[in-house]
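Here the structure is laid out as structure tokens; the discussion comes afterwards.
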Amino acid sequence: MTALQELFLKELEAVTSTTALRELRSRYTGKNGVITGELKKLPTLAPHERAAFGKQVNTDKVFIEERFKEYEQVLISKEIKSKLSKDPVDITLPGYYKKPGGRHPVTIVLAEIADIFVSMGFSIEEGPEVESDYYNFSALNIPQNHPARDMQDTFYIETGGQSGEGAFVLRTHTSPVQIRVMEKRVNESRTNGTPLPPLRFIAPGKVYRCDSDISHCPMFHQVEGLVVDKNISFANLKGLLEGFLRKVFGPSVPVRLRPSFFPFTEPSAEVDMGCYFCKGGGCRVCKGTGWIEIMGAGMVDPRVFKNVGYDTGQYSGFAFGMGIERIASLKYGIDDIRLYYEGDLRFLRQF
Ligand code: PHE
């Protein structure tokens with residue numbers, strides 16, 4: 001063993017912490033350490049002595065590094081042991097737990113609705129939430145002075161002072177998707193001969209109305225439906241919607257159609273189902289009538305077909321639209337629509 005190695009070992013014996021150990025190491029093998037100091041002596045030596053001296057310094061360096069590594073392991077495990085004995089870990093404590101996220105009730109109900117329609121051969125379409133006045137109103141036969149266009153109901157988008165036909169709105173319903181899909185079909189049929197009908201799809205999505213109280217929210221969700229083919233009748237509409245509502249609310253739920261009006265359907269109907277809560281006896285939810293209004297529907301108005309270039313002599317169809325929050329509220333007995341969008345985990349965790 002060289003004198004340098006002996007000196008190092010002696011100093012090493014006195015070291016009791018990893019901090020002190022690292023300090024010792026850098027004193028020996030660091031940039032300005034003992035080893036570097038030894039190497040600096042090389043030029044002062046006679047040429048024939050240099051090789052042997054350099055080799056020796058290198059051996060010393062390797063020796064020091066090895067002892068350092070060994071001793072470091074010893075010290076580390078000693079330090080862990082002493083830390084554990086002073087500050088023991090209670091391994092019986094429960095671990096940290098993050099509650100998993102879940103699906104929002106609106107998402108759950110939408111998925112259920114989509115499943116039912118997909119199983120009946122419907123496809124799923126989507127349209128933009130910022131919609132032109134044309135698609136949201138005009139193409140659906142909603143005239144310029146119709147109350148639905150009122151600023152009190154519709155969110156208009158600032159587009160540099162445009163109004164009327166050139167204006168943009170947050171769509172107030174999903175019905176514009178009817179127009180978009182029928183137009184798309186017309187274009188496809190022109191370019192590659194795809195037949196226009198049959199058309200059978202639902203279009204779920206967000207809609208916006210300037211309204212806010214216990215049963216209205218400025219943003220909510222609708223599912224639109226459209227069926228177009230040869231020989232589509234009102235009876236088909238009734239049968240489909242009855243079948244749908246019985247899948248959602250149970251096989252014995254009564255369904256009735258009431259005459260109503262929508263500019264884009266003729267004839268139009270309001271679809272009611274027997275009150276889910278009082279089973280028809282009359283309660284607060286159904287305002288004593290025993291019936292709950294669940295969606296709007298009707299035969300596609302010939303004017304709508306004309307606006308997209310469909311031959312009304314050949315084709316007929318029906319459309320329907322329903323609010324998803326409303327269906328979810330009936331299913332789960334939720335009496336305030338605002339609960340859906342307040343993000344209160346005590347509410348959301350129940351689904
Ligand atoms: N778009 C109508 C609404 O939002 C619902 C509807 C859709 C009615 C399709 C008839 C046919 O109230």
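As the structure lists them, so they are numbered: ligands from 1, and atoms in each ligand from 1. Keep in mind that this is a model prediction, so the values were computed, not measured.
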Face-on cation placement of Arg171 at Tyr135 ring, 6.0 Å and 45° thresholds: no
Would you mind listing each N/O atom of ligand 1 next to any protein N/O under 3.5 Å, plus the distance?
residue: ligand 1; atom: 1 (N); partner: His173; partner atom: ND1; Å: 3.0
residue: ligand 1; atom: 1 (N); partner: Ser175; partner atom: OG; Å: 2.9
residue: ligand 1; atom: 4 (O); partner: Arg209; partner atom: NH2; Å: 2.9
residue: ligand 1; atom: 4 (O); partner: Gln222; partner atom: NE2; Å: 3.0

Could Asp133 and Arg149 be called an ion pair, given the rule that one side-chain N must be under 4.0 Å from one carboxylate O? yes
Indicate yes or no: does Glu112 engage Lys247 in a salt bridge with an N to O separation below 4.0 Å. no
Check for me whether the distance between the ring centres of Phe117 and Phe244 falls short of 6.0 Å. yes
Cation-pi between Lys279 and Phe277: NZ/CZ under 6.0 Å from ring centre and within 45° of the ring axis? no
Does one hydrophobic cluster hold both Val169 and Val207, with members joined at side-chain heavy-atom distances below 4.5 Å? no
